[in-house]
Amino acid sequence: MSRPRSKVRIVVFDGLDWEWCSTHRDDCVDLWGIAADGCSAPLRACDVPVTPTAVGALLAGREVDLGWSGDHYTSSQELIRTRPWVHDLARQGLTVGLVNVPLTWPAFPLPRGSWVVSGFPVDPIAKVDPRRPWFSPRGLDVLGYPIDAVVCDHGPGGTKDVAGLSRAEGEIAEWLRTSAPPADVEVVWFRSTDGAGHHLWGTDGYRAAVIEALGLLPGLRDATDNLIVCSDHGFDALTAPRCATYRATNHGPPSLAAGLVGGHAMEGVLVAAGDDVHARGLLPEQRLVEVAGGLYDLLRLPPPVGMISKGPAWAQPVSGDGDDLVRKRLRELGYLG
């Protein structure tokens, strides 16, 4: 029996860079194969290009002030205060699945019937709380998480065990393909590309990590009506001009001091294909903060109050004029009377 289809699956490859993917197309065949069926564009990260800001943009559909300072990393409680769209979907009768999305720990509350695999890490008390209306699959969360020791490394750039992270992400992708309970909208966040960027940028190890991560896409495309692939920021050599904004954040000095070789750049990726994705080919640069609005376009729902309602071009249905042109061409070819 096949797994029920989701309406939209958003796959985030942390730090996947538009320029690198464009100049290494042979290494990114799984990414560009999806683009060939839909559309692609460079994706402008939030300013500044750090993960908390990006998570807020994706889950709230607006620019939010979430960041990192000193030894404090933004918490799920701060994210909840930005009014994530998951509860607006619940009011439309839709469920949500979150997989390793940053800032959704401890135990990010979701609408009834939804699920979360946080893993980086989750409060074990919340895992066993019978009062919650959603659940965490036991085989892929906290105490049973396959890389429990790996994710405890919270130093600059995250874990150096990129291979361990890649293995765990392979298990998660297989679980999504075969065993995950149905959810209408899923957001899946993969970190191996970010760890490889910080620790292995410019090496064969980085290339291998990206190829392995993108190799998950064919399976992740199964059982969903629409697949969106994006990244929270791009990547380059830490000392490169493209990383100047990143070096000026509180991430910069610790990264340099730790000897990291890669840093965050502004140009991430956007690739989309599916039943409701109408755009084709290469689009002008899109904005990360508009991806949530595009999600609502795909679902044919009005966006929540305060969300940027104009989704990216990839999610907009064919206009009346465009439809007339298509019909005119079909008529000329003899397919319409």
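In this structure, a donor-acceptor pair under 3.5 Å is absent between the side chains of Thr193 and Tyr206. In this model, no donor atom of one side chain and acceptor atom of the other lie less than 3.5 Å apart for Asp17 and His233.
Between Pro284 and Ala41, the shortest heavy-atom contact is O-CB, 3.5 Å. The two residues Leu103 and Leu79 make their nearest non-hydrogen contact at O-CD2, 3.7 Å. Between Val261 and Gly197, the closest heavy-atom pair is CG2-O, 4.3 Å. The nearest pair of heavy atoms linking Gly195 to Val162 is C-CG2, 3.8 Å. Across all their heavy atoms, Gly56 and Val64 have their closest contact at CA-CG2, 3.5 Å. Between Tyr246 and Ser255, the shortest heavy-atom contact is OH-OG, 3.2 Å.
Note on Val55: it does not cluster hydrophobically with Met266, by side-chain heavy-atom contacts below 4.5 Å among ILVMFWY residues. Taken together through direct or relayed side-chain contacts under 4.5 Å among Ile, Leu, Val, Met, Phe, Trp and Tyr, Leu295 and Leu301 form part of one hydrophobic cluster. Both Val271 and Leu282 belong to a single network of hydrophobic side chains, linked directly or stepwise wherever heavy atoms of I, L, V, M, F, W or Y lie under 4.5 Å apart. Hydrophobic cluster membership is shared by Val277 and Leu283, with clusters built from Ile, Leu, Val, Met, Phe, Trp and Tyr side chains linked at under 4.5 angstrom. Side-chain heavy atoms closer than 4.5 Å link hydrophobic residues (I, L, V, M, F, W, Y) into clusters, and following such links, even through other members, never connects Ile211 to Trp201.
By the 4.5 Å heavy-atom criterion applied to side chains, Val188 and Leu176 are counted as neighbours. Residues Trp18 and Leu270 fail the side-chain proximity criterion, which asks for heavy atoms closer than 4.5 Å. Within the 4.5 Å cutoff, the side chain of Leu43 has no heavy atoms near those of the Glu267 side chain. The shortest side-chain heavy-atom distance between Glu174 and Thr178 falls under the 4.5 Å cut-off. Residues His264 and His198 are in side-chain contact: their nearest non-hydrogen atoms beyond the backbone lie under 4.5 Å apart. Residues Val11 and Phe190 are in side-chain contact: their nearest non-hydrogen atoms beyond the backbone lie under 4.5 Å apart. You'll find the side chain of Pro303 stays beyond 4.5 Å of the side chain of Trp85, heavy atoms only. The side-chain heavy atoms of Glu63 and Cys46, taken from C-beta on, include a pair separated by under 4.5 Å.
Note that CG of Asn100 is 4.0 Å distant from CD1 of Ile172, once rounded to the nearest 0.5 Å. Separation of atoms CD1 (Ile10) and CG (Asn226) is listed at 10.5 Å; rounding is to 0.5 Å. The CD atom of Glu186 sits 4.5 Å away from the CZ atom of Arg9 when rounded to the nearest 0.5 Å. Between Leu260 atom CG and Thr239 atom OG1 the span is 12.0 Å, to the nearest 0.5 Å. We find the CG-OG1 distance between Leu58 and Thr53 to be 11.0 Å, quoted to the nearest 0.5 Å. Atom-to-atom distance recorded for Cys230:SG and Asp14:CG is 10.5 Å, nearest 0.5 angstrom.
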(message) As a quick check of understanding, evaluate side chain to side chain contact (heavy atoms under 4.5 Å, CB included) for Trp115 and Leu98, giving each step before the final call.
(response) CA-CA 7 Å; Trp115 46 263; Leu98 300 181; over 6 Å; no
(message) Under the criterion salt bridge (Lys or Arg N to Asp or Glu O under 4.0 Å), I'd like the reasoning laid out for Asp194 against Arg191: C-alpha separation, chi angles, the key distance, then a yes or no.
(response) CA-CA 5 Å; Asp194 185 76; Arg191 314 290 193 82; over 6 Å; no
(request) May I have the step-by-step check of salt bridge (Lys or Arg N to Asp or Glu O under 4.0 Å) for Arg221 and Asp30, ending in yes or no? (result) CA-CA 10 Å; Arg221 190 177 183 181; Asp30 292 306; over 6 Å; no
(request) Please lay out, stage by stage, how Asp276 and Lys7 fare under the test salt bridge (Lys or Arg N to Asp or Glu O under 4.0 Å). (result) CA-CA 10 Å; Asp276 303 297; Lys7 298 180 185 301; over 6 Å; no
(request) Take Thr95 and Ser114 through the side chain to side chain donor-acceptor pair (under 3.5 Å) test and state the conclusion after the steps. (result) CA-CA 5 Å; Thr95 55; Ser114 299; 5.1 Å; no
(request) Dump the intermediate steps for side chain to side chain contact (heavy atoms under 4.5 Å, CB included) on Leu299 and Val185, then the final yes or no. (result) CA-CA 9 Å; Leu299 295 170; Val185 178; 3.9 Å; yes
(request) May I have the step-by-step check of side chain to side chain contact (heavy atoms under 4.5 Å, CB included) for Glu212 and Ser166, ending in yes or no? (result) CA-CA 7 Å; Glu212 184 167 359; Ser166 296; 3.8 Å; yes
(request) Start with the C-alpha distance between Leu220 and Arg177, add both sets of side-chain angles, then the distance that settles side chain to side chain contact (heavy atoms under 4.5 Å, CB included), and finish with yes or no. (result) CA-CA 6 Å; Leu220 291 169; Arg177 190 182 70 82; over 6 Å; no
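Environment of CG in Asp26: sparse, with no more than 12 heavy atoms of neighbouring residues, nucleotides or ligands closer than 6.0 Å.
Taking the six-membered ring for Trp and thresholds of 30 and 60 degrees, His24 and Trp20 have nearly parallel ring planes, at less than 30 degrees apart.
Between Asp204 and Arg207, no side-chain nitrogen of the basic residue sits less than 4.0 Å from a carboxylate oxygen of the acidic one, so the salt-bridge criterion is not met.
A donor-acceptor distance shorter than 3.5 angstrom exists from the side chain of Arg5 to the backbone of Thr224, with no hydrogens or angles considered. Within the 3.5 Å criterion, the main-chain N or O of Val269 finds a donor-acceptor partner in the side chain of Ser231.
Remark: aromatic rings of Trp189 and Phe13 are distant, center separation not under 6.0 Å.
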